[in-house]
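Just so it is clear, the model here is predicted, and its values are computed rather than measured. Nothing fancy with the numbering, it's 1 onward along the sequence. Side chains are part of it too, since the values below use all heavy atoms of this structure and drop only hydrogens, waters and symmetry mates.
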Amino acid sequence: MTVPPASAEAPRRDLARTSQQGGGPVTGADLTTPWDRIRAHWSARAWLRTFHVVTGLPIALLAASVLLVLTALSAVFVWTVVAPLVAVPLLLRAVPMFTRLQRARFAAFLEIEIPPPPRPPADRNPLKRLVAAARARSTWRQFAYHLLAPLISGAGFAVVAGVWAGGLAAGTAAVRISEWSEGWAVAALAALAVVLLTAGPWAARVMTALDVLAAEALLAPSRSDELVQRVETLQESRAEVIDAADAERRRIERDLHDGTQQRLVSLAMKLGMARAALTDVPEPARRTIEQAHEEAKQALRELRDFVRGLHPAVLNDQGLDAALSGLAAQAPFPVRLRVDAPARTSPAVEAVAFFVVSEALTNIAKHAGASAAEVTVEGRDGLLRLAVHDDGRGGADPARGTGLRGLAQRVGSVDGKLDIDSPPGGPTTIKVELPCA
């Protein structure tokens, strides 16, 4: 079946009409006739650009006037007390208010969403909020835009309004003159009207593009603001991951303690009862029962050590001091422990501190050949400082073992610092700083 040419052209005309009515960008492929191109030139988008330029001038003049008056009050009466205390907070509140108004103008007329700058950290103290807003670079970038906007909007208003008004005036004059005279003057005025009215949408587009360029440069977040916001987001997500991992370790510890460990205890008890009661069984069977009993007790000891290494219950119940005391008591060498932490910190930081001391004492027992060790924990100035010192052979190198690398990874997960001083021949000192906030 052959499709008539008219039917083939209809969908393309509908597509052009749909794109124009929807306000989206119109491309040359969508415009099939000169009339479509003419309508696109004076489409709703062209008028919205014109309205954007026209409304920008009064808003820019109002914002600049208010901000300059408040700045003058803050500067002229700097030796007084009342004026700066009133003008400065009003200035720091007026800047984001006018920024929101300008962003709404861009969204309403141009459908351009300018992302808001990052907000300073929330604080209940109004003075701290005021200082944070005054120190934020985004505040002064917005301030600069509001001072620059009258120049851009004034130039745009003069160009766009001048072109449209000139075109309408030339057309009106041509009509008036044509009523009582004909000649080159009418033709010149008509040609001028056509040129100016045709140039009106182009002028609005150029001045709008200049305004958008300035707004995106000064009102939108800068590259440094985006990086700071990204870092904060990553820190929050990392903290959530750490909390989730810590909660998962606690769940595993609880399941092992309440499930597997209880079954092993029951098994060891039953094997012990069988070992004590079945004394008249053949020697091979009795030896098998004894071996099973010893292996069950060994498995129970290993499971308890494993559970204690995951997250000891005493760390949650009694804090870091009691948990480290248990580690020191179980070490195969004398350990001198001193804990001076007035207040408990977050569970994640306490878990990292416990892991550091536990891993350090394990490495000392396996590799250092030390006769004694000393563990010091101090909490002050928002930091939890750990120091593990031993008199062993030294030579500890994170590049040669996974244990020390694991320590560095654990410490780094909470933005801590790890320093290892272990010259050949000893002694070895591991220092850790963990943020308590």
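Between the side chains of His389 and Thr429, at least one donor N or O lies within less than 3.5 Å of an accepting N or O.
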*Walk me through it: do Leu324 and Leu327 pass the test side chain to side chain contact (heavy atoms under 4.5 Å, CB included)?*
CA-CA 5 Å; Leu324 295 183; Leu327 287 178; 3.9 Å; yes
_With side chain to side chain contact (heavy atoms under 4.5 Å, CB included) as the criterion, how do Arg385 and Arg380 come out once you've worked through the C-alpha distance, each side chain's angles and the decisive distance to 0.1 Å?_
CA-CA 8 Å; Arg385 293 182 173 89; Arg380 65 167 62 96; 3.5 Å; yes
*How far apart are the C-alpha atoms of Ile152 and Leu210, what are their side-chain angles, what is the distance that settles it, and do they pass the side chain to side chain contact (heavy atoms under 4.5 Å, CB included) test?*
CA-CA 8 Å; Ile152 299 175; Leu210 180 62; 4.3 Å; yes
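Residue pairs meeting the salt bridge (charged side-chain N to carboxylate O under 4.0 Å, His left out) criterion with at least one member in residues 417-431, sequence neighbours excluded, do not occur. Counting only residues at least two apart or in different chains, ring-ring contact (aromatic ring centres under 6.0 Å, His included) contacts with residues 137-158 comprise Trp140-Phe143.
Using a 4.5 Å cut-off on side-chain heavy atoms (C-beta onward), Pro201 and Arg205 make no contact. Annotation: side chain of Leu68 is in contact with side chain of Leu147 (closest heavy-atom distance under 4.5 Å).
Of all non-hydrogen atoms in Leu418 and Val411, the two that sit nearest each other are N-CG1, 4.1 Å. The nearest pair of heavy atoms linking Asp415 to Pro435 is O-CD, 3.6 Å. Shown here for Arg49 and Ala204, the closest heavy-atom pair between the two residues is CB-CB, 4.0 Å. Closest non-hydrogen pair, Leu384 versus Ala353, comes out as CD2-CB, 4.0 Å. Closest of all the heavy-atom pairs between Ala220 and Arg141 is O-NH2, 2.9 Å. Of all heavy-atom pairs spanning Leu361 and Ala373, the tightest one is CD2-CB, 4.4 Å.
Separation of atoms CG (Asn363) and CD1 (Ile430) is listed at 7.0 Å; rounding is to 0.5 Å. Here the NE2-OG1 distance, from His367 to Thr428, works out to 11.5 Å after rounding to the nearest 0.5 Å.
Remark: Phe98 engages no residue in a ring-ring contact (aromatic ring centres under 6.0 Å, His included) (not counting sequence neighbours). Residues passing the salt bridge (Lys or Arg N to Asp or Glu O under 4.0 Å) test with Glu374: none are found, sequence neighbours excluded. Every salt bridge (Lys or Arg N to Asp or Glu O under 4.0 Å) that Arg338 has, sequence neighbours left out, goes to Glu378. For Asp211, the salt bridge (Lys or Arg N to Asp or Glu O under 4.0 Å) criterion is met by Arg105, not counting sequence neighbours.
Within 6.0 Å of CZ in Arg103 there are more than 12 heavy atoms belonging to other residues, nucleotides or ligands.
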